[in-house]
Q: 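I have a structure I would like to understand better, so I am pasting it below and will then ask my questions one at a time.
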Protein chains: 2
Amino acid sequence: MVGRPGPRRVLTEEAILDAALALLDEGGLEAASIRRIAAAVGVAPNAVYTYFPDKAAVLGALVDRFLGTVEYSSARPWRERIRGLAVDVRTRLSAHPAVASLLMSSPMGGPNTLAIGEFLLEALDAGGLAPDAAARASYLVMVYVLGALALEAAEHPDPGPLPPEAERITARREALGVEAPAGDAAETEGPFPRTVAAAPVIADYVSTAQFLWGLDRVLDGIAAS
Amino acid sequence: MVGRPGPRRVLTEEAILDAALALLDEGGLEAASIRRIAAAVGVAPNAVYTYFPDKAAVLGALVDRFLGTVEYSSARPWRERIRGLAVDVRTRLSAHPAVASLLMSSPMGGPNTLAIGEFLLEALDAGGLAPDAAARASYLVMVYVLGALALEAAEHPDPGPLPPEAERITARREALGVEAPAGDAAETEGPFPRTVAAAPVIADYVSTAQFLWGLDRVLDGIAAS
DNA sequence: ACCTGAACACCGTTCAAGT
DNA sequence: ACCTGAACACCGTTCAAGT
């Protein structure tokens, strides 16, 4: 802006990812355009291509950097290790909801993604699984965690921060047309009677409780294999 | 094209969705633009907005129509019903890989999506689950199936038809740098020793076998709850 | 009601040029 | 090597107008 073109080194991969994340947080997926990222760091749009080959690379690097912030420890029993990892990912994601949608689309090939896979293999080995079963199980855990988080994120395509959990459950409840828990006389009519009867639980799908319930079923299934 | 503007009724929701699906199949997600869909059905871009409020509605309707083609029967034991549904979705999706990515992003609110949810609740009720557990379990099954399919689809962001399974596994194997099954002397060095050792199994993640293994673990966990 | 042309406000990416 | 301005080939969506 001040000076003329030339080798100025005003940019960093980090600075680009910071700007992309800020735009993602404020305006959702569609706000994270190359042009807006460039504007945010005060540079011409095409300058970004000096640091990343294309937009997918920027978003992929963003996802991998995010996964690098996740903390996990090997000190506890194997189930607790995996639960701890899953909860930590989910907690950190709640501050950056738009990143959750990117988790499924990026190719999962970054170094921090590999580190998480390695951690899962360790935990499952500690759980007594044979190497092949541990490998299959680690992928299952990833499918569950990423799937659950992406589905939660899909529920709130609107930009901005994720509303509090209680609010999101209330929104689901209203969307399903349930005011009272409807526990008295089950209205088993209409096209989808079971779905209507289950509405109170369905409203709870986006809750931490449902997330952990599902994870525990997955871990039960793995432990029994 | 031939006549002048006016109430011609040359379009149908069905025709628009047909064109969108064809573009999706040929050119992947980015090919399914409103402008290209309109061109494919021989109409001005904005004519599409007479039938759908926006692009998201077009893609949402496409997903729901796709889920309407899925077949499921209530004749078998509950586990077989759910396995049959999952396999049928996966099989039909292999002809339309780009639709898999849309499964996670659309809000899952269409009538055919509800019908599948209802079917799952029936099967789980037949499996002896209490209503609340059945509701939670039905969501878990959906998370697993949709997550697994979306993750498979993310592996092939290139447009065009999905390569045969054997080819995709070979591609994964090469990407991981595994030529031989490496079962002889485990190279437990480098940054991610377990990941390297598990590479042969990891190459198999995109297989039907892995898909069903994961589903069976999920169903085991549900049955034990 | 259903379609049109034209426009608005954007995109990702490429290219030749400057330092 | 790193950045620029300018351009290319697109987007989704809106609006006033025609029939």
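Each chain gets a letter, A, B and so on, in the order the sequences are listed, and its residues count up from 1.
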Q: When rounded to the nearest 0.5 angstrom, what is the spacing between CZ in A:Arg90 and CG in A:Leu149?
A: 7.0 Å
Q: Nearest to the side chain of B:Thr50, heavy atoms from C-beta on, is which of D:dG12, D:dC3, C:dC3?
A: C:dC3
Q: Rounding to an integer number of angstrom, what distance separates C:dC10 and D:dA9 when you compare their P atoms?
A: 22 Å
Q: Any side-chain N or O of B:Tyr51 less than 4.0 Å from the OP1 or OP2 oxygen of C:dC2?
A: no
Q: May I have the distance from A:Leu29 (atom CG) to C:dG12 (atom P), rounded to whole angstrom?
A: 12 Å
Q: Roughly how many Å is it from CG in A:Leu11 to C1' in D:dT4, rounded to a whole number?
A: 13 Å
Q: Please determine if B:Arg81 forms a cation-pi arrangement with B:Tyr72, meaning its NZ or CZ atom is less than 6.0 Å from the six-membered ring centre and no more than 45° off the ring axis.
A: no
Q: May I ask you to evaluate whether A:Arg36 reaches the phosphate of C:dC11, defined as a side-chain N or O under 4.0 Å from OP1 or OP2?
A: yes
Q: If we call it a pair only when both distances are under 3.5 Å in a Watson-Crick or G-U wobble match, what pairs with D:dT19?
A: C:dA1
Q: Measuring from the side chain of B:Ile34 (C-beta onward, heavy atoms only), which nucleotide among D:dT4, D:dT13, C:dG12 has the closest atom?
A: D:dT13
Q: Can you measure A:Glu30 atom CD to C:dA9 atom P for me and round it to whole angstrom units?
A: 17 Å
Q: Closest to the B:Ala44 side chain: C:dT4, C:dC3, D:dT13?
A: C:dT4
Q: Would you kindly give the CZ-to-P distance between B:Arg35 and C:dA6, to the nearest whole Å?
A: 13 Å
Q: A cation-pi test, strictly: NZ or CZ of B:Arg92 under 6.0 Å from the centre of the six-membered ring of B:Phe66 and no more than 45 degrees from its axis. Yes or no?
A: no
Q: For A:Ile37 and C:dC10, give me the distance from atom CD1 to atom C1', rounded to whole Å.
A: 15 Å
Q: What nucleotide among C:dT4, D:dC3, D:dC11 has an atom nearest to a side-chain atom of B:Ser33?
A: D:dC11
Q: Looking at B:Asp64 and B:Thr113, would you say the former's side chain and the latter's main chain have a donor-acceptor pair under 3.5 Å?
A: yes
Q: Compare every heavy atom of A:Gly27 with every heavy atom of A:Glu30, then report the nearest pair and how far apart it is.
A: CG-O, 4.1 Å
Q: B:Leu59 has an atom CG; how far is it from atom C1' of D:dC11, in whole Å?
A: 14 Å
Q: For B:Tyr49 and C:dA1, give me the distance from atom OH to atom P, rounded to whole Å.
A: 20 Å
Q: Determine which nucleotide pairs with C:dG12, using a 3.5 Å limit on both distances of a Watson-Crick or G-U wobble pair.
A: D:dC8
